[in-house]
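First the structure, in the form of structure tokens, and then the observations on it.
None of these values were measured; they are calculated from a predicted model. Chain A is the first sequence line, chain B the second, and so forth, proteins listed ahead of strands; every chain is numbered from 1.
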Number of protein chains: 2
Amino acid sequence: MARAPSGSDRSPATITDVARAADVSIKTVSRVMNEEKRVRPETRARVLEAAQALNYRPNVMARSLAAGRPFLVGLVYNNPSIHYVNAIQVGAMKRSSELGLHIVMAEPDSAENAITDLLQLAAETRLAGLILTPPIGDAPGLIDALLQADIKLAVVAPAAARKQVAQVRMDDVRAAYEITQLLIAKGHRRIAMIKGPPSHGASHWRATGFSQALTQAGIPIDPELFATGDFSFRSALAPTEKLLRLEAPPTAIFASNDDMAAGVIATAMKLGISVPERLSVVGFDDSPIATIVWPHLTTVRQPIAEMAARALDLLVAGDGEAEAEELAFDIIERGSTATPPAFVKK
Amino acid sequence: MARAPSGSDRSPATITDVARAADVSIKTVSRVMNEEKRVRPETRARVLEAAQALNYRPNVMARSLAAGRPFLVGLVYNNPSIHYVNAIQVGAMKRSSELGLHIVMAEPDSAENAITDLLQLAAETRLAGLILTPPIGDAPGLIDALLQADIKLAVVAPAAARKQVAQVRMDDVRAAYEITQLLIAKGHRRIAMIKGPPSHGASHWRATGFSQALTQAGIPIDPELFATGDFSFRSALAPTEKLLRLEAPPTAIFASNDDMAAGVIATAMKLGISVPERLSVVGFDDSPIATIVWPHLTTVRQPIAEMAARALDLLVAGDGEAEAEELAFDIIERGSTATPPAFVKK
DNA sequence: CTGTTAGCGCCTTCAT
DNA sequence: ATGAAGGCGCTAACAG
């Protein structure tokens, strides 16, 4: 039955321990810990000292129970791009520690289970709210069910704006428009797009921006030049091969994210089509892979981490009206784009 | 002041609500929820029904407070490889939901702050324990400080075995040995290694296995052929270039992880050295990037997710004695390895 | 088999 | 400026 070694801290100190050590009531300790006004400076100092000495940290669960105030927030994701998820996590974690909240992760295994899982999570932990990241934020019925259960929500990059729900986004349409324009400015006129999955709002926006740029430049929209992937590297392989084997293949391909753009490059390489000499490629996200593939990807830097951080802010601030915020993006030009081959030029 | 819509659930039901609805005492409800024996089937049914109707979920915080039993577990990581982190998370989350625990994430910004951060997290949330993943599990003094505070620990792939702490690992030495042997079997005799950072236990093991294989094959160890990276893609670039510009460059390079192996390939490509014709490359991890780069990487599949899941098991099981477990790996041969160029053959 | 009485650690009235 | 009750939602003894 050898118990803890001599110098051990034993079980964590409680508010009672501190009160006893500082010779005050627990209420006074409570006041000090919560930075309430009505405490004489010297008393406060004494309490702080005792707390310090005992290494006291308020038990957030007891605190939450008593005050009804939450200390957990749920981060919900199911994005196939691990870079995206990672960036979301980094942004959320940074802000959460500043806000004194802890993040519990939720990765619903399917959209069907999501509602049940999240309702359970929320009921069990009485958390401050949920941050929904793409594409789970667009799962049909999810938001309504959650709102119905009185769960606060902040959605990152939702497909459709909604009142009643805080949201943070960036202008995907504009970004897609601009990066397409970059291609057009280089002389490309036959440009293909590998769209993302319909379940992501971003997929639509990026396709919209793409089409707008073409139209605006007087380039006809050719349905033959549209393909769809699921944002994973693999999903871009077959569609790219099909595009490149077209009778009139594109001189540039806009992939809806970097993973798929990497797939485009891999496929081009496999077919012996050099990038960017014979094929320009652009991606979206500026994920690590953008500078791992060769040539490096021309892409759009999304402020993913910042969006997650802002979503957290909106969640805890959320007094009533739902706020919507928009963050800026950057277009980053790298080696995967060039002027199209001469023989294609008109 | 428009309040919740008619069909709203309002605030979550409590055990009292259920007891009232089922016309029993709250203790009986408690018993049913905890699946204790002594409840008449029909009573149990009635309670279950009421709980169902009210959509009741026990408040884990209240439960934890009262029972002293935790419902949170901390997952600590600071690995630069996002694939590694992702796999760890996936494995841990899957198991945690099976165990009815929630995971709170902790990513200490520095090894120095780690102790403080984690002690605070543990004191605040009274969690079941911490899962330490590489390299944070090897931070000097961390484990002692945590143990001192009576925090249960499970360490994934620690550098050094420790009593008193549950640990899950795989045989990195053996894996490195085997994959090096694969290179040797193909005819390579001048093989370089890009080691991982000294802060990772795995770095040492993999280097050890590598050296063992060379020695065992009668190949002299040439210090010139060792370089070091930090497991990131970028960190492999300069070292690789240096290796390839050697008077007697290696015909094969063993990078301690896939990200760095991708860096090796990128550098080789930049220098016009074709892989695998003139240079064979092997990695470690079988991360997504292994099949994104071209040629695909010959690598070692680590059971990362499984290790995390097992670590969780050990954490909650942890009756007293620390257990250590070892999981199996696989060597996966892909396109990045071949026999060395003829002119190098003896 | 079921209900009663405490109390987990803390915050919220209300007093003083 | 401080303290004494009461209770958050739940489980641990003990009763019956």
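Ion pairing between a basic and an acidic side chain is recognised when a charged N comes within 4.0 Å of a carboxylate O; A:Arg57 and B:Glu124 show no such pairing.
Within the structure, every pair that satisfies the salt bridge (Lys or Arg N to Asp or Glu O under 4.0 Å) test and touches residues 87-112 of chain B, not counting sequence neighbours, is listed here: B:Lys94-B:Glu98, B:Arg95-B:Glu98, B:Arg95-B:Asp313. The salt bridge (Lys or Arg N to Asp or Glu O under 4.0 Å) contacts involving residues 135-149 of chain A comprise A:Asp144-A:Arg162, where partners must be two or more places apart or lie in separate chains.
For the OP1/OP2 pair of D:dA12 and a distance below 4.0 Å, the side-chain nitrogens and oxygens of B:Arg69 include at least one atom meeting the criterion. Taking only side-chain nitrogens and oxygens, A:Ser30 comes nearer than 4.0 Å to OP1 or OP2 of C:dC11.
Rounded to an integer number of Å, the gap from CG of A:Leu54 to C1' of C:dG9 is 15 Å.
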- Per-nucleotide protein contact string for nucleotides 1-7 of chain C (B base, S sugar-phosphate only, - none; heavy atom under 4.0 Å): BBBB--B
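Rounded to whole Å, the separation between the P atoms of D:dC10 and C:dC1 comes to 24 Å.
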- Message: Dot-bracket, 5' to 3', for DNA chain C please: Watson-Crick or G-U pairs under 3.5 Å, [ ] where pairs cross earlier ones, | where the partner sits on another strand, dots elsewhere.
- Response: ||||.|||||||||||
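Using a 4.0 Å heavy-atom distance criterion, B:Tyr56 is classed as a sugar-phosphate-only contact.
The side chain to side chain contact (heavy atoms under 4.5 Å, CB included) test applied to A:Ile26 returns A:Ile15, A:Thr16, A:Ala19, not counting sequence neighbours. Among residues two or more places apart in sequence or in another chain, the side chain to side chain donor-acceptor pair (under 3.5 Å) test is passed with A:Arg20 by A:Asp17.
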